[in-house]
Amino acid sequence: AQRVTQPEKLLSVFKGAPVELKCNYSYSGSPELFWYVQYSRQRLQLLLRHISRESIKGFTADLNKGETSFHLKKPFAQEEDSAMYYCALTFGSSNTGKLIFGQGTTLQVKP
Amino acid sequence: EAQVTQNPRYLITVTGKKLTVTCSQNMNHEYMSWYRQDPGLGLRQIYYSMNVEVTDKGDVPEGYKVSRKEKRNFPLILESPSPNQTSLYFCASRPDRGLLSYEQYFGPGTRLTVT
């Protein structure tokens, strides 16, 4: 079955330190992978998607099909990065492609 | 402003009292979905709809019903709520343009407590 695993419930770092939020998935085909972010008291929103190969707010994520991973990285964390981060996967045809979420990782950036 | 709205935002109810959480989107999206968010479990899909009058079960549909009579609305119905349905609920929508990579737009969430 398709699955997304985020092994860390909480990641706490100091401002300016590098950040890596881990995400591993299980799916035999070619999935579409996303990172969604939920800031305090705000709705869930897309941070980035692997197909775009973009960097958003200094974050990047590379799809590693060999390791079935899609880790989110940022070289220098900022306090405003503190939020809940969800890795998500979708697959199949576009009209039935649901999002499968990981358990989420809370990132806490300390001053 | 393009958005997904949900009502109510907060609801406390008692076991067995039917309730409906409304969801509406103004982006003409075909695909709509309901998720519940629980600590340690992330978001899990309850039901989804590919278009008007087309709905299907997600991963945790038990105890829920949905309908899609209009493209913009996708209400979630709890016929007989139970305490294990206490959760934070999110509605989401996405265009169906043939690509999986389109992002889903989420509502602000509805916090439901069933006593």
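The sequence lines fix the lettering, A, B, ..., with proteins before strands; numbering per chain opens at 1.
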Colleague: Taking the ring of Phe74(B) and the ring of Tyr31(B), is the distance between their centroids below 6.0 Å?
Modeller: no
Colleague: Taking all heavy atoms of Gln103(A) and all of Gly40(B), pick out the closest pair and write down the distance.
Modeller: CG-O, 3.4 Å
Colleague: So for Leu41(B), is it side chain, backbone, both, or neither that comes closer than 4.5 Å to the heavy atoms of chain A?
Modeller: backbone
Colleague: Looking at Tyr39(A), I want to see if its OH is surrounded by more than 12 non-hydrogen atoms of other residues, nucleotides or ligands under 6.0 Å.
Modeller: yes
Colleague: Decide side chain to side chain donor-acceptor pair (under 3.5 Å) for Tyr35(B) and Tyr47(B); before the verdict, give the C-alpha distance in whole Å, the side-chain angles of both, and the deciding distance to 0.1 Å.
Modeller: CA-CA 8 Å; Tyr35(B) 295 87; Tyr47(B) 267 95; over 6 Å; no
Colleague: Go through the atoms of Tyr105(B) and report whether side chain, backbone, both or neither lie under 4.5 Å from a heavy atom of chain A.
Modeller: neither
Colleague: Based on non-hydrogen pairs under 4.5 Å, which of Val54(B), Leu43(B), Asp38(B) is most in contact with chain A?
Modeller: Leu43(B)
Colleague: For Gln38(A), is it the side chain, the backbone, both or neither that has a heavy atom under 4.5 Å from a heavy atom of chain B?
Modeller: side chain
